[in-house]
Amino acid sequence: MNIYRSHVLICGGTGCTSSKSDKLQKEFQNLIQKKDLDKEVKVVRTGCFGLCEAGPIVIVYPEGSFYSQIKLEDVEEIVEEHLLKGVVVKRLLYKGAISEEAIKSIYEVDFYKKQERIALKNCGVISPEDIYEYIAFDGYMGLAKALTEMSPEEVIKVVTESGLRGRGGAGFPTGLKWNFAAKATGNEKYVLCNADEGDPGAFMDRSILEGDPHSVIEAMSLAGYAIGSNQGYVYVRAEYPIAVQRLQIAINQAREKGLLGKNILGTGFDFDMEIRLGAGAFVCGEETALIASIEGERGMPRNKPPFPANKGLWQKPSLINNVETYANIPQIMLKGVDWFKSIGTEKSSGTKVFALGGKIENTGLVEIPMGTPLRKVIYDIGGGIPNGKEFKAVQTGGPSGGCITADHLDTPIDFDSLVALGSMMGSGGMIVMDEDNCMVDIARFFLDFTVEESCGKCNPCREGTQRMLEILERITEGKGEVEDIDKLERLAKTIKDTSLCGLGQTAPNPVLSTLKYFRHEYEAHVIDKTCPAGQCKALLDYFITDKCKGCTKCARVCPSSCITGKVKEIHSINNKLCIKCGACMEACPFDAIILK
Amino acid sequence: MDTVIIKINDERVEVPNDFTILQAAKKMGIDIPTLCYDERLESHAACRMCVVEVEGARNLQTSCSLKVADGMEIKTHSERVIQARKDILDLLWANHPNDCLTCEKSGECKLQEYCYKYDVKETTFEGKRKNYEIDDSSPFFYNNQNKCINCGKCVRVCSELQHTNAIGFSERGFNTHVSTPFEIGIDNSVCVSCGNCVSVCPVGALMPKSKEKFRLWETKKVRTTCSYCGVGCQMDLLVKDNKVVGVQPANGPSNNGLLCVKGKFGFNFINHPDRLNKPLIKKDGQFVESSWEEAYGLIVEKVNNIKSEKGSEVFAGFTSARCTNEENYLFQKLFRAGIGTNSVDHCARL
Ligand SMILES: Cc1cc2nc3c(=O)[nH]c(=O)nc-3n(C[C@H](O)[C@H](O)[C@H](O)COP(=O)(O)O)c2cc1C
Ligand code: SF4
Ligand code: SF4
Ligand code: SF4
Ligand code: SF4
Ligand code: SF4
Ligand code: SF4
């Protein structure tokens with residue numbers, strides 16, 4: 001094997017790939033060859049680095065120089081200066097990587113320094129398409145240890161004691177689930193991986209599959225050994241072509257190396273797995289709908305019980321876990337329960353990956369220990385709110401979750417604290433909102449999503465979410481009535497209480513939590529007919545400011561004759577008569593007319 | 001069978017441990033409303049009308065699917081449960097044509113019945129309503145999705161019991177509706193017109209194309225055995241003014257509440273003017289109505305004459321699949337023992 005003096009890591013995550021990081025890779029290889037450096041410098045296309053904001057990202061080791069927003073033209077300079085002469089190209093470094101003229105390596109950049117990477121450990125570090133790189137980072141050691149030194153019961157014991165909880169949404173204790181599946185009677189069992197990631201804005205599972213697919217394969221084999229299953233399925237969103245491709249490559253390589261298939265590592269344990277492409281609906285991420293979809297049925301949830309652990313795929317006992325849940329397991333096997341429990345909180349051990357988005361400086365993926373206060377995530381890692389705006393709330397748990405206000409910014413985030421605040425962890429979406437966001441409009445946005453994604457099977461969700469959406473639409477259009485708020489609450493309660501699956505049971509959460517913390521905004525919409533955040537167009541009024549020169553143009557174009565004023569004096573609008581056509585605003589040559 | 005002891009509405013009861021809450025309640029004479037439940041089908045748990053409060057459970061639970069467990073405490077008509085049922089009916093009604101006055105299902109419609117029982121007079125919601133074209137391509141029934149409540153019974157009967165899979169759900173969410181693949185219409189699909197979907201529809205969405213105007217409460221149900229074939233399906237004839245106006249399947253040992261196209265829809269011959277009600281005897285080249293006595297007398301006379309002239313072997317008997325097994329048995333007995341020939345056969349043997 002060649003020893004290289006330098007490694008050039010190019011992000012091959014979806015964000016960077018769509019800004020042409022594949023071309024960067026070719027250019028680097030090209031130039032490196034031209035300069036005869038190909039024996040000394042290795043170019044690696046990795047998974048996502050997380051800071052998508054700064055993409056396309058290139059990291060040069062051993063220095064850990066963090067180059068951001070690299071264009072094709074920049075490659076030559078990096079090769080010439082950095083790789084040949086050893087001089088870091090300051091101009092191209094990520095802005096957070098230089099302070100007081102000192103250059104920081106990627107690990108000292110705030111965004112990364114405050115993170116703790118377990119599930120994303122290898123993302124952006126190894127080439128996902130090379131099994132040897134995974135192995136070089138202790139890959140398949142956990143599996144080897146389990147198969148040679150541990151009984152299935154011992155494996156389950158480790159998972160149970162680690163306190164790992166499902167990262168797919170509900171935070172169900174993983175060890176308990178493995179135990180149920182192991183105890184279930186049946187000669188055939190299945191290990192399923194939920195990679196249908198459908199929460200708007202979430203892309204942690206995608207990044208793991210794209211950046212470190214072997215960690216999921218290893219964990220599923222471990223699960224197979226633990227529960228007594230020889231067959232796994234990974235249900236991946238069809239909209240994730242790169243993830244599917246890299247996972248398939250990884251499966252093929254694992255098979256070639258005897259790490260999947262018959263008689264793994266000569267231990268007599270057989271386990272193989274296949275990919276199933278998602279059917280394109282959010283609800284197919286719900287475990288029973290996912291199972292129906294693999295069976296070739298319509299992706300509609302089934303009532304529980306029976307739970308998949310007893311009657312899952314093809315009515316056989318099945319274990320289903322999320323991608324990120326699995327990605328934690330090889331390291332738990334290797335580094336042990338105590339190590340894992342030392343991270344996070346007592347009831348939520350380990351880390352959680354969040355997808356930071358919305359009104360925040362650093363959008364991207366962050367992995368933080370459970371129990372980290374929101375404030376740290378938003379300000380220290382996320383870099384705070386752009387344009388000097390004020391923080392208003394953060395939505396966690398996507399369309400199933402709720403909003404958390406400034407009053408609760410110091411709450412340590414874990415599964416239970418979020419639920420206590422009326423939100424939930426969900427898959428880890430974190431959307432930051434500032435003073436310009438109207439909370440009624442936010443609730444409407446999420447309801448719009450659930451209405452679109454409801455499978456239509458059960459009455460409360462199919463009919464009820466539509467009615468909630470209609471009420472919210474009315475409110476944001478200024479047609480809401482006071483009773484509408486009570487109606488929303490009544491509907492929300494019944495939908496939560498009676499829906500068949502988690503989609504309906506959580507769909508009203510965004511409305512309930514905005515009603516809890518921002519009821520005054522709802523009331524402003526229905527009683528005062530105003531939108532305090534200035535978002536809901538229908539509720540805004542036209543006003544003439546003192547920029548008015550009294551040219552009378554507006555009064556002449558107004559179709560409802562509601563503008564009065566003498567020539568050369570400030571005009572005014574009678575908002576009772578105004579039909580909000582906007583003609584005056586267009587006509588005013590002095591920009592004196594505003595919407596408020 | 002092991003039993004468990006549970007409490008329903010504060011009353012203790014011992015039931016088999018594989019019972020659902022719904023079965024246990026039924027045993028106690030407690031009526032829990034259901035729209036999508038059918039004991040012959042896999043539980044679907046979609047209408048959510050059968051929800052009950054189970055001590056310790058966070059959400060209301062569907063009694064059609066949840067099995068009893070020892071010590072379970074259940075409330076079937078608590079305030080919370082009743083409010084949920086009312087809200088569901090309210091929601092269904094918000095998306096339903098207000099058509100009970102002219103709807104043929106009226107009087108036997110479950111939505112109507114429950115709105116009555118739960119005092120849902122009108123909906124409290126306004127907004128989008130479904131608006132589908134009626135599929136009347138089938139000669140036997142129409143599919144009016146505007147009245148469908150998506151209980152899925154039709155789809156499940158067609159796949160789980162009839163095994164034809166002609167219909168399914170199309171689209172999703174608010175737009176979910178029952179149709180044939182690619183909306184090609186019932187008549188162009190693989191549907192065999194058995195009408196079992198029509199028979200299970202709890203509302204007026206799937207309805208037979210009736211030649212008569214009648215109200216269900218004007219009819220009398222007459223239990224009988226289908227006369228078309230030897231399966232012996234049990235059915236109820238709907239009879240109004242001594243005229244058969246419809247057929248509903250009954251649950252007999254051989255048909256499990258199902259019928260085929262003939263039994264379900266082939267009843268118009270019964271009151272057809274061309275139907276022979278009396279035997280005809282040809283007299284002077286003309287068929288003339290006669291009495292059964294006269295006709296049988298004539299047959300016996302002719303049989304006896306021919307038999308004494310030419311012997312028994314000249315006779316052959318051929319009977320119909322539309323007779324019951326018992327009738328066919330008697331027929332061959334008549335030929336073998338009475339007339340004395342073994343030349344006797346039956347159309348279904350071909
Ligand atoms: C509407 C809905 C969508 C869901 N989508 C996902 C998903 O995309 N990915 C996922 O892992 N879990 C999803 N879940 C949760 C799964 O049902 C299931 O709980 C999870 O896969 C279990 O894995 P875990 O225990 O490792 O979290 C969804 C649940 C619901 C109700
Ligand atoms: S709650 Fe919504 S998504 Fe879930 S089964 Fe009911 S209709 Fe389908
Ligand atoms: S918005 Fe239209 S109606 Fe209102 S004041 Fe201006 S011109 Fe007149
Ligand atoms: S289907 Fe039932 S509720 Fe609907 S109009 Fe007919 S009778 Fe009335
Ligand atoms: S008539 Fe019979 S075959 Fe046709 S759709 Fe209905 S149940 Fe299926
Ligand atoms: S057509 Fe009738 S049986 Fe079929 S889903 Fe609709 S209401 Fe139910
Ligand atoms: S309904 Fe059909 S199958 Fe049943 S007895 Fe009549 S003809 Fe035979």
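All chains are named by letter (A, B, ...) in the order of the sequence lines, taking the proteins before the strands, and each is independently numbered beginning at 1. Nothing here was measured: the structure is a model prediction, and the numbers come from that model.
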> If you count the non-hydrogen atoms of other residues, nucleotides and ligands that lie under 6.0 Å from CD in B:Glu133, is the total more than 12?
Replying inline: no
> Measuring heavy-atom distances to chain B, does A:Ile495 have an atom under 4.5 Å in its side chain, in its backbone, in both, or in neither?
Replying inline: neither
>> I need the minimum non-hydrogen distance between A:Leu500 and B:Ala46, along with the two atoms involved.
In response: CD1-CA, 4.3 Å
>> For A:Lys529, I'd like to know if atom NZ has over 12 heavy atoms of other residues, nucleotides or ligands within 6.0 Å.
In response: yes
> Within a reach of under 6.0 Å around CZ of A:Phe172, are more than 12 heavy atoms found that belong to other residues, nucleotides or ligands?
Replying inline: yes
> Taking every heavy-atom pair that is under 4.5 Å apart, which of B:Ile149, B:Leu66, B:Thr62, B:Asn150 has the most such pairs with chain A?
Replying inline: B:Asn150
> Yes or no on side-chain contact (heavy atoms from CB on, under 4.5 Å) for B:Leu91 and A:Asn459, after CA distance, side-chain angles and deciding distance?
Replying inline: CA-CA 8 Å; B:Leu91 284 169; A:Asn459 289 329; over 6 Å; no
>> Atom NZ of residue position A:Lys311 - does it have more than 12 heavy atoms of other residues, nucleotides or ligands inside 6.0 Å?
In response: no
>> Can you confirm whether more than 12 heavy atoms, excluding those of A:Glu239, are under 6.0 Å from its CD atom?
In response: yes
>> Does A:Arg474 form a side-chain contact (heavy atoms from CB on, under 4.5 Å) with B:Glu126? I'd like the steps, not just the answer.
In response: CA-CA 11 Å; A:Arg474 279 208 297 275; B:Glu126 52 203 74; 3.6 Å; yes
> Can you name the closest pair of heavy atoms from B:Asn59 and A:Gln505 and give their distance?
Replying inline: ND2-CD, 3.4 Å
>> Please identify, among B:Leu92, B:Asp90, B:Leu35, B:Val51, the residue contributing the most non-hydrogen atom pairs under 4.5 Å to chain A.
In response: B:Leu92
>> Heavy-atom pairs under 4.5 Å with chain A - which of B:Met49, B:Gln61, B:Glu171, B:His177 has more of them than the others?
In response: B:Glu171
>> Enumerate the salt bridge (charged side-chain N to carboxylate O under 4.0 Å, His left out) contacts for residues 43-68 of chain B, please, sequence neighbours excluded, ordered by first and then second residue.
In response: B:Glu53-B:Arg80
> Who among B:Gly152, B:Cys36, B:Ala94 has the most heavy-atom pairs with chain A under 4.5 Å?
Replying inline: B:Ala94
>> Using a 4.5 Å heavy-atom cutoff, which residues in residues 463-472 of chain A come close to chain B?
In response: A:Glu463, A:Gly464, A:Gln466, A:Arg467, A:Glu470
> So, A:Asn303 and B:Ser43: side-chain donor and acceptor under 3.5 Å apart, yes or no?
Replying inline: no
> Does a sphere of radius 6.0 Å around CD in B:Glu42 hold more than 12 heavy atoms from other residues, nucleotides or ligands, not counting ones at 6.0 Å or beyond?
Replying inline: no
>> Can you tell me how far apart CG (B:Leu60) and NZ (A:Lys496) are? Round to the nearest 0.5 Å.
In response: 12.5 Å
>> Could you report the tightest heavy-atom contact between A:Cys455 and B:Thr176, atom names first, then the distance?
In response: O-OG1, 3.5 Å
> Which residues in residues 479-490 of chain A have any heavy atom lying under 4.5 Å from a heavy atom of chain B?
Replying inline: A:Lys487, A:Arg490
>> Counting neighbours of CD on B:Glu122 that are heavy atoms of other residues, nucleotides or ligands and sit closer than 6.0 Å, is the number greater than 12?
In response: no
> What residues, two or more places apart in sequence or in another chain, satisfy side-chain contact (heavy atoms from CB on, under 4.5 Å) together with B:Ala25?
Replying inline: B:Ile8, B:Ile30, B:Ile32
>> I'd like to check B:Arg172 versus A:Glu453 (side-chain heavy atoms, cut-off strictly below 4.5 Å). Are they in contact?
In response: yes
> Counting heavy atoms not belonging to B:Lys130, are there more than 12 under 6.0 Å from its NZ?
Replying inline: yes
